[in-house]
Each structure stands twice: as C-alpha cells, then as structure tokens.
Amino acid sequence: MNLSVQIGKLTLQNPVMVASGTFGYGVEYAQLLDLNQLGAVVVKGIRLHPVRGNPTPRTAEVTSGMLNAIGLQGPGVDGFIKKYWPFLKKLKVPAIINIWGKTVDEYAEVARRFDALGGVGALELNVSCPNIKEGGAQFGTDVKRLKQVVAACRKITELPLITKLSPNVVSIAPYALAAEEAGSDALAVTNSYPAMAIDIETRKPKLANGTGGLTGPCIKPIAIKLVWEAAKVVKIPIIGMGGIQNAADAIEFMMAGATAVAVGTANFYEPQTTLQVIAGLREFMQQHGLKDVREITGSVQTAK
Amino acid sequence: MNLSVQIGKLTLQNPVMVASGTFGYGVEYAQLLDLNQLGAVVVKGIRLHPVRGNPTPRTAEVTSGMLNAIGLQGPGVDGFIKKYWPFLKKLKVPAIINIWGKTVDEYAEVARRFDALGGVGALELNVSCPNIKEGGAQFGTDVKRLKQVVAACRKITELPLITKLSPNVVSIAPYALAAEEAGSDALAVTNSYPAMAIDIETRKPKLANGTGGLTGPCIKPIAIKLVWEAAKVVKIPIIGMGGIQNAADAIEFMMAGATAVAVGTANFYEPQTTLQVIAGLREFMQQHGLKDVREITGSVQTAK
Amino acid sequence: MLEQTVQIVSNERDTDSYFRLVVRTPRIAPLIQPGQFAHIRVLPLKDALLRRPFSIFQVSGDTFSILYKTVGQGTEVIARMQAGEELSVIAPLGHGFTVPKRGGETPLLVAGGYGMAAMYLLAQRSPQKGIVFVGGRRRVDILCEKEFQALGWDVRVTTEDGSHGKKGLVTQPLIAELKRSTKGRKLFACGPTGMLKAVGKIADDFKVPAELSMDEHMCCGVGVCLTCVIPVKTADGPRRAEAHEREGGWEYQRTCTEGPVFEAKEIVWEVTK
Amino acid sequence: MLEQTVQIVSNERDTDSYFRLVVRTPRIAPLIQPGQFAHIRVLPLKDALLRRPFSIFQVSGDTFSILYKTVGQGTEVIARMQAGEELSVIAPLGHGFTVPKRGGETPLLVAGGYGMAAMYLLAQRSPQKGIVFVGGRRRVDILCEKEFQALGWDVRVTTEDGSHGKKGLVTQPLIAELKRSTKGRKLFACGPTGMLKAVGKIADDFKVPAELSMDEHMCCGVGVCLTCVIPVKTADGPRRAEAHEREGGWEYQRTCTEGPVFEAKEIVWEVTK
Ligand SMILES: Cc1cc2nc3c(=O)[nH]c(=O)nc-3n(C[C@H](O)[C@H](O)[C@H](O)COP(=O)(O)OP(=O)(O)OC[C@H]3O[C@@H](n4cnc5c(N)ncnc54)[C@H](O)[C@@H]3O)c2cc1C
Ligand SMILES: Cc1cc2nc3c(=O)[nH]c(=O)nc-3n(C[C@H](O)[C@H](O)[C@H](O)COP(=O)(O)OP(=O)(O)OC[C@H]3O[C@@H](n4cnc5c(N)ncnc54)[C@H](O)[C@@H]3O)c2cc1C
Ligand SMILES: Cc1cc2nc3c(=O)[nH]c(=O)nc-3n(C[C@H](O)[C@H](O)[C@H](O)COP(=O)(O)O)c2cc1C
Ligand SMILES: Cc1cc2nc3c(=O)[nH]c(=O)nc-3n(C[C@H](O)[C@H](O)[C@H](O)COP(=O)(O)O)c2cc1C
Ligand code: FES
Ligand code: FES
C-alpha cells in the first residue's frame, strides 16, 4: 500500500501533515506523539524579526470551532534557528517552514535565509493571515501582489514553495492560477476565515484584536469547496485543510482534489488526530481495495 | 419596554423576523406558532415565473449547520399571489417579499408587481443566492450591477427595500455602501456561504448541484463580522442573520450593529426559535435595565 | 401537527439493528393517520442539528411508537437512549394512505425493511383485510410478521437469502398474486426506493392503483424548505413558466407535505435519481 | 506530560457551585508537582471542542482530583457527570511552584476561590509549614479550610461579606502579617487576576519574593498556540526586533508552559488587560 505523495520535489511518507500555527515548532508535542510518523511538520509562521503578537485574549471558542488573533508571535528567523532548528533538523520527516513578511523583499529575504540554512523541507508562504494588515490580507486578496511574492521567493530558492491561499476571496481560481504561474510548487488551501464573536455581558469582542480567524470543523464545507475549485484550475498539488478531525474528513479533502492534508485546530483538543487520520486512511484504502493513496485525490464524481 | 424598530418606513413590533427560504410562505408554520408575535414574516425568494429548482438531494447536514441548493423553487409572482397572498395579507405583522430575477429588468418587474399588489411590508432583494448563476452571485459580487438592481427597484416602488448581501466578498463595505447609495432602505446580512460536502463512500457530492450554501450556527462568527463591518460604513438599518439559535445570538448580532435579526436554519429544527428569541430579548433588557431595544444596536465596544 | 418534547416510555431492540421506540404524547397520538410520520429531534446529538423523519408504527392510548433501523449518527444515538429521556417530536406530519373501506378494494400491502412500520398501522386501521407482502434481505429484516398475522392478514414473507419465508424479492409473490387476479385490488407500499419503483412499475403493468410512501431526505418536515421534493406529473395548464421549466409536464412536490404517500401513477420515475 | 482517557472515580459537590472531581490516572498521578494543571476535554460537550485547564488539587495513589467551580458550559457538564464516565486528560502541564524547603523561607499562601486548589497541593508538599490566607466573597467560597488546618497550617479566613472569618479582602490580613515581619517570608498566590495583581503589588511594596499562578484563557495547554501569553520582563539584549516590538522591555510568555507560575516581579502589569 503506497501512502507517499509528492509536493514538488519533496516526498512525504504519507499525506498527513500539521497546519502552521497549531503545532508550534514540533518540539512541544514530541512527548505526546511520535513526530516521525507524520507526513511533515509545519511550523508557526516566521518573519525576519521577532514578533510580539497581539494583546490577549487571543482566542475564543465558538460553535464547532474557534477564533484566533495571535498576531503571528514568533522568534524571528535567528531566534527560530537558534532555539528550534536543532530539534527539527534531527527529525526523520521534513520540516516545512511557514514564512511571512511585510514586504515582498522581506518574504524573499526570509526565503533566502532558510534556503541558506540547508535541510529545510519546503517553504510555505503565508499570504493569508487575517490578523495582520501588511503581510496578510494585502497579499492574499490581490492577485498581482500575490504573484510578486511567489515570484520573488521562487527567484531566491529551489526549495519547494507552497503558497497558502486566503479563503476570503470571491473566487479562489485566479489566486490559485497566479501562484502556479509564479512558480509555486503547491498550494495550501485554506487559511482561517475572518470572523468575530462578542461577549454580550461585557459588550466587548471576545478577541482583543476585535476580529480573528475562524477555524475548526465549522469551516470544513467552505474549505472543501475551495479545494475543489482550486483543483479544477491548477496542476500543482494542493494541501487541503480546514476542520479535519478524522480520516473521513481527510479523505473528503482528498476526493475534492487535495494531494495532502493538514490537521490544525484538532491538534489543540486531540493531539493524536494526525496519527488517527493516518491509521484511518490505511483502513479506508484496505476496505476499498486501494493500493495507492493518490487514487483518492480528485476522485469525486461531479456533474460539472 | 420598547421592542419596536424601524426598517425604512416600516415599523416592526419587535426586531425578530424569519429568514427567507426557511419559513416557506408563513402558512406552513401557522399551526406551530402564532405568526402575529413575530417582527415580520419573510417569504421564500420569488421571481416572475414559476421555478422548478434543482434536482435532489438539495440539502445535507454538516457540522453545526447544513448545506442547501434548493435552486429557488417557487410558484412565480402569479402563483404566489393566488396561493399564498390571501393568507399573508390577513396577518397583523408585515409580510416581506424576497424577490429575484435573472436580469435587472426582471427584478424591477417583480418589484412593480408587488408594489401594485398593495399591502406588502417590504421587498427584500436577493442578490446573493449561491445556487443560481444569473440572479445570484453575478449581482451580489459586482458592485456596479448590485447598484443597478437596487436603483431599478427604487425607481419603481416606494416600498421599503432591503438588499440582501452576499458574504462571499473580500470586503462587504463597498457592497453595503453601493446598496445604500442606490436607495436601499436597509441591508440583510448575510446570505449562505458557498460550500460543499462529499459522501466518501459514493464519492459523490452530497448535493446534486455539487455545491450549495452553508447556513446555521457554524457561520455565525463570519456573519457577525460582516454585520459589524457593514454597520461601520452605512447609516441604514441592518437585518443580521446567520446561525441565530437563541436570544444571546440575536443580541450578539444587534451589538455588532444589527437593528433587527432573522432566524433561518434554526426554524427547521426548532420552529419555536423566533418566539424564544423574543422572550429572551425581553429578559435580557429587563436584566440590564434597558428600556429600548434600539440601545443594543451597535453597542459593542471595540478599540477600532 | 403539534410540537412536543416527549418522554421515552420504552426503547427496545427488535431484531439485529431494528429497534422499537415508544413515546408518550397524549395530544399527538389521537391525531395520527396511517402513513403519517413524526419528525424527531434527537436532543443528545452533538453537532448534528436536523430532525429525522420516522413513520408512525403503532398508536396505543396516549403513546405512539416507531420502528427504526440504526443507519447513522441519529438513529445510533436514539438506540442508546433510555426510558425517561426526552426527544422533541413534531407530528403527525404528511399526507398518509387512503384507508381502505369495508367492502371496497382489497388492499395488497408491500413492505420492505422499516417500511413495515407504516404498513402495520395501515393494516391495523383498515376495516378491509387483505394480503401483506413483507420482504427483506435476511430473516432479521422481517419485522412484524406475527403482528400482521394477529390482525388476521394473510402474510407472505420473502427473504433474499431464503433464511425465512420464500427465497427471492418481495415483488415476486406480489406479481404471482396479481397474475391470479387484479380485480378490485389496490397496492400500498412502503420501503426502499428501489422496491417502490418496482411496485410502481408492477402497478402500471397490471393496471392496478397503487399508493407509495416515498423516502426522501428531509430537513424541515413541514413544507417550508423544499428539500424533499419528487417529480410529480402536472396538467400542462396555462402556466407562465419558462419553457424549460415546463418540459416533461412535471413539477417538484414535497414528500413531507403533498406526500409521503403519492399515487404511483403520478410519479415521474425517469426524473428521480 | 501524558494524554489519557480517564474514568471518574467520584464527582461531588463541595459547597454551592464548587465541586471535587477525582479521576484515576495511574501513569499521570506520580508525575504531578504543585501548581501544575490538567487540561481536560469534556467529552460529552456538544459543539464546544476545546479543553479546559484545572489546577491539580490533590494526588492520592493512582488518582488525582480537581476542585472546580461551575462557570460555563464545560464546568456545568462536568458537574453532571458521574463515576465511571470518561474524560480526556493531558497532564501534568506547566511550570509549577518552587516547593519551599525545610528550614528555608516561610511560605505565606494566598488563595481566592478555586485558587485554593493549587495552594492546597503546595501546602501538602511543603515540608516547611506557614500561613495560608484564604478569601472569598461569601462563606461558600472558602473551600478547604479544614484540610489546610489538618496539614498543620495557620489558616486565616476572610470573606467580603463577613459571613465567615474576618470581613474584608484576603490581602488585608496578609498586609497586617507582612507589617509584623517580612523576613524570610515568601508569598505564593493563586486566585482571580485582581487578587494576583494586588498580591504582586504587596510583594513589591514589602520587597518579599512572590510566585503567582496566573489564570489566562488557554487553548492547547502545551505551548503551541500562543493563546495564553502574559507580558514578562526581558533583558533588553541585542535582539533584532523592530523598535516597537522591544518597547518597554517585555515579551509575551506562555502561561501554559513558562507558567502558570511566574515570579511576581517579572510580570508587567501595565500591559495586562
Ligand atoms: C417519510 C419517511 C419515513 C421514514 N420512516 C422510517 C421508519 O419508520 N424507520 C426508520 O428506521 N427509518 C425511517 N425513515 C428513514 C430515516 O429518516 C433515516 O434512516 C434517518 O433519518 C437516518 O438518520 P441518521 O441520523 O441515523 O443517519 P445519518 O446518515 O447520520 O443522517 C444524516 C442526515 O440525512 C438524513 N437521512 C439519512 N437517511 C435518510 C432517509 N432514508 N430518509 C430521510 N432522511 C435521511 C437524516 O435525517 C439526516 O438529516 C423514514 C424516512 C422518511 C422520509
Ligand atoms: C492554569 C489554570 C488553572 C485553573 N484552575 C482551575 C481550578 O482549579 N478550578 C476551577 O474551577 N477553574 C480553574 N481554572 C479556570 C477554568 O479553566 C475555567 O473556569 C474553565 O475553563 C471554564 O470552562 P467552562 O466551559 O465552564 O466556561 P466557558 O465560559 O463556557 O468556557 C469557554 C472557553 O473559555 C475558556 N475559559 C473560560 N474561563 C476561563 C478561565 N478562567 N481560565 C481559562 N480559560 C477559561 C474555556 O476553557 C473555554 O475554552 C484554571 C484556569 C487556568 C488557566
Ligand atoms: C491558533 C492558530 C494559529 C495559526 N497560525 C498560523 C500561522 O502562523 N501561519 C499560517 O499560515 N496559518 C496559521 N493558522 C491557520 C492554520 O494553519 C490552518 O490554515 C487553519 O487553522 C485551518 O485549519 P483547521 O480548521 O484544521 O484549524 C493558524 C490557525 C490557528 C487556529
Ligand atoms: C433551505 C434554505 C433556503 C433558502 N432560501 C433563500 C431564498 O429563497 N432567498 C434568500 O434570500 N435567502 C434564502 N436562504 C438564506 C437564508 O434566508 C439566510 O440568509 C441564511 O440561511 C442564513 O441564516 P441561518 O444561518 O439562520 O439559516 C435560504 C436558506 C436555506 C437554509
Ligand atoms: S422537508 Fe422541508 S419541504 Fe419537505
Ligand atoms: S494555551 Fe496554547 S500556548 Fe498556552
């Protein structure tokens, strides 16, 4: 039974990774699960400099999901390399670095630094954080600027590039195409959805930032549709995510067109989710007589 | 204690109405609740001609919500007037007619017919159905065409016009403003969100239409944010909706900026929801010493 | 049609994955007609909100019961519920069967799986006795044979694996019976869509009237959402619909309101999935 | 840190809205240090997915217990659970208190409401006895007075309404005690943020060391999501951060990992909400 998939020139032993920002830098979960069983470990978004992030409260629970406005707190490239890279580089599975910047040049510079580091599995360009003005929405909802970011990083590095798209667009197709044309090796679909919750007793937003990103099972049907739409227009692989809790969810994303999947919010409440998804995927393949996990990708039968 | 609110020149005895398409033509629920307790009854979308709608399955259950792709089945203006108007016109509360068309002219013609009918409470312009190509997304995600539709109806009738906006936009502000400028008396925020679910055993989409609209508690945080954003830019009242299940949800929408609210999907599983919301609203006002429900509208305290 | 939160009186396994649930509903029970259904909200369900429709199986005093098969999350949760726990019920709903009149047509009932539930109430309420054809894959799918017999009906059992009654499909003895005679006979059927379609065709072939209880996914159950529609023939009158909307001379009607029971000859099978 | 699905051994009301829950966790119990917490997934919750953090109150053999107050949907559902039912637990988590050494500083414990839970385990594990100040609004908020006494600690009770102990705030007898003497004394506190802030100020005023267990909303509980941060002073070293990121010489640290116990002097109160 083959579970391995390709993301550009990167081979994953199985299609199940974690979603950036929901798995820290890997080391935090090492006591609870064997990271070497995963397809890849994806780290929290990193920009060139350390970032303090937003004031608290930064997350709030909502129906079948959560809101977050962390504000991309992070140690910066140097801090990351010093503090977390020694652990990550010893893993047997690839580490994918989620990066962002406030300008095209900063994206490129961060890409250059990780290219120079050696041993990085892939770079994921986060152009879709809903909680950051510059660096988030401004690239993710503007086809031209999205292209610039991807092209600038492409020029710098031969590392596989994954462009993480925003769900907050009228149609994801032009963004998917733009990323592909600018040289992205894969797409990550999708980031969190702009949303808000208000505490009616205090009359304050539940997040200090006012608004935040909605994630978890509640957004799955939206994310499935985006993956399906993106898969119709691009040839590069798609990493599907948004509310995955179990193997059935992962398979649904793959049928919609995803080559790999990422587990995000579910890590918080059930850290074993990734391993359960991998086990469930094997079981599904067995039950359905599938020899290669890639047979699942895009296998939904739609009239149109 | 004042619960009444204004939608243009229309006075509602309380701010709690039902969402179009989730309450039929009112008569169906008359055995289960006293319609005259509501703020208003909003009927299923009507175009000029009868509409057959989409093949089945038309709905699917998803986590904390549902998908639908009904395809706006309906009796057309004549059928509606013959079959349902005699009941609706006898209600003590206003009937709001949700209308749509495939062209600007059709919207205007339907508006003309209902204007001529007499006794209609308001017209809600549905420019945001995700399950219809012409008449749905094409008006709801194009500021210019949105304006044309609203302006055309405005020219025809003095009935209060409510423009029902699509959530499927990068930012709702320009659409909200466009509707206001074109003469809309109020906004309805928001319609269902484009989404999809796949049955992994049959490998078919759970809806015959492939994709559909996501509604129910799962979308509430998205809808709250859209109401909040729209309320920042327009002066006309907003009818907030998306996942309202109880008074707390309704109050959250009102704090975000809604003058009135509509209960949609919840009617299907709990037909008493509207009455429970009205009772809970009174209770909240009592507990918080509020004399006028309008004090709640827009009362969220945000930094920005 | 009433909405009530009701208490479970009993909830017991019948055979295999079939269960019988009895609830107390003094105000609803007296209103129920054969072929009608209850729309049930399974209150302990976690993040699945919609109600589930179930035919009404028996009515007794101030209680009614359903006969259900565990097929998904809702029915599985119901199966774990116990006497005293609560469900929310909207009932009775839908347009049921025409109850045969004494001395009128002889009813031939055709039931598959949980379709036996609706057929039982019809048999019980029918002053005119007849034949009931019950079929299933295995012995465990034959649910209320003794109860039909106790009503004095002629019961013909088939199972696909031959583990009980005759081996074969429920439609085989039905065809045999109709070959014997069609005169003054009327079919009533409830069961899987495939079976209903077959019964519809048989009714057409033998030119006997048939009432079928259709099983469509439902959402509201009361006629407002337009989820549960099936294609039904319409007189091609002076409708102002655009041409393509009139093609084939049919319109979608609601299983929950115009149905679940339709006359077989009204259904446009070519359009159904 | 381990994840386990555990069985409830007992779950009983303490006073009013406070409950004691005991769970069996043979592998986790031996690892627990005072001030650490358990991150609990309330499995019967409907559409609320996140875990809830609770200080560990007592450890006994292969069980541990928490002392919790019903404040929202999670705690209310736990309160209705019974022996034998299951919860998912990740524990022990966080950086706990420095357990006082025999002959070392005299611990002055300050506890408000459910903060008494963490304080009790610390008192129990501390070879050096001291004074514990427990406070609450009413008599029912004073939770384990007898248990502290049984450990041989000097217990000083205050309630805001005077219904038990001295009338006033828990910080009043603390200040009185520190006015008597500060020498060789160290504060440990757990309770509402307002109380912690007051204790932090008192520690500063009297120049005594203090360890505070901070209560921040949590999501993952293990350090990955960065939900639970509080502003902590940092040496203004050669960091490459942009200027505004270094202003004030502090950074956000995680309550679930670097905390929940922080030294009072490290916390930048001006920045907290
Ligand atoms: C008029 C009518 C009468 C029925 N009578 C009976 C009966 O007497 N006994 C019995 O066991 N079953 C009956 N059914 C089928 C029953 O409604 C489904 O088995 C049940 O809804 C499945 O729910 P679930 O949560 O277990 O399955 P899931 O698959 O988890 O359900 C998911 C969703 O699909 C819907 N759904 C799934 N299957 C069906 C179905 N066959 N029909 C309608 N909706 C469905 C559910 O209501 C729910 O909204 C009847 C259906 C109809 C329409
Ligand atoms: C380190 C630590 C130790 C704690 N120890 C105890 C204890 O020993 N006993 C006790 O009764 N409580 C304790 N709490 C508080 C406890 O976690 C909350 O009361 C609980 O999470 C409320 O959950 P709920 O579902 O009832 O409330 P809801 O309001 O429904 O919760 C909604 C969300 O907010 C979070 N939340 C709400 N209040 C708090 C809070 N005060 N702290 C953190 N998250 C919160 C919940 O975890 C959940 O994600 C502790 C909190 C922390 C951070
Ligand atoms: C707390 C939190 C932090 C996140 N941080 C990042 C991030 O740093 N970079 C990024 O690209 N996505 C980030 N995301 C988005 C996730 O990677 C993922 O796209 C999203 O959560 C949807 O998946 P889920 O529903 O499974 O969580 C974050 C999500 C959460 C919940
Ligand atoms: C089955 C169904 C049918 C709907 N039909 C219409 C419609 O005809 N016209 C319209 O403007 N909105 C329609 N809507 C959208 C609702 O009016 C409402 O905007 C949406 O459901 C969000 O509210 P909710 O989450 O409370 O359901 C429909 C929604 C559902 C679920
Ligand atoms: S189920 Fe809603 S119309 Fe029939
Ligand atoms: S709760 Fe996630 S980092 Fe502390």
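Values below: every heavy atom of this structure, side chains too, minus hydrogens, waters and symmetry copies. Letters A, B, ... are given to chains in the order of the sequence lines, protein chains preceding strands, and every chain is numbered from 1. A quick note: this is a predicted structure, and the numbers were derived from the prediction, not measured.
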Heavy-atom contacts under 4.5 Å, residues 25-33 of chain B to chain C: B:E28, B:Y29, B:Q31, B:L32
If I measure from the heavy atoms of chain C, does B:Q272 come under 4.5 Å with its side chain, its backbone, both, or neither? both
Heavy-atom contact with chain B under 4.5 Å, split by part of C:Q73: side chain
Assess whether side-chain contact (heavy atoms from CB on, under 4.5 Å) is satisfied between B:F268 and C:V224, documenting all intermediate values. CA-CA 8 Å; B:F268 299 151; C:V224 304; 3.7 Å; yes
With side chains defined as the heavy atoms from C-beta onward, is the minimum distance between C:H217 and B:T56 less than 4.5 Å? no
Is B:R58 close enough and on-axis enough to C:Y252, meaning under 6.0 Å and within 45°, for cation-pi? yes
Is it the side chain or the backbone of C:I230 that comes within 4.5 Å of chain B heavy atoms, both, or neither? neither
Compare all side-chain heavy atoms of C:I90 with those of B:P271 and state whether any distance is below 4.5 angstrom. yes
Determine the option with the most heavy-atom pairs under 4.5 angstrom with chain B, choosing from C:G223, C:G221, C:C219. C:C219
Euclidean distance, C:R41 CZ relative to B:E270 CD, rounded to 0.5 Å: 6.5 Å
Give the intermediate values and the outcome of side-chain contact (heavy atoms from CB on, under 4.5 Å) for residues B:Q73 and C:R254. CA-CA 11 Å; B:Q73 180 178 336; C:R254 298 162 299 184; 5.7 Å; no
Where do B:I70 and C:L226 come nearest, in terms of heavy atoms and distance? CD1-O, 3.6 Å
Hey, which residues of residues 43-50 of chain C are touching chain B, say heavy atoms under 4.5 Å apart? C:D47, C:A48, C:L49, C:L50
Proximal component of B:V62, with respect to chain C [non-hydrogen, under 4.5 Å]: backbone
Residues which pass ring-ring contact (aromatic ring centres under 6.0 Å, His included) with C:F54, listed by chain and number, not counting sequence neighbours: none
Residue pair C:R52, B:E61: steps toward the salt bridge (Lys or Arg N to Asp or Glu O under 4.0 Å) verdict: CA-CA 11 Å; C:R52 272 75 177 147; B:E61 195 175 41; 2.7 Å; yes
Tell me, side chain or backbone of B:T22 under 4.5 Å from chain C's heavy atoms, or both, or neither? backbone
Residues in side chain to side chain contact (heavy atoms under 4.5 Å, CB included) contact with B:A266, at least two apart in sequence or another chain: B:V263, B:Y269, B:T273
Shorter than 4.5 Å, heavy atoms on both sides: which option in C:S88, C:C220, C:C228 has the most such pairs with chain B? C:C220
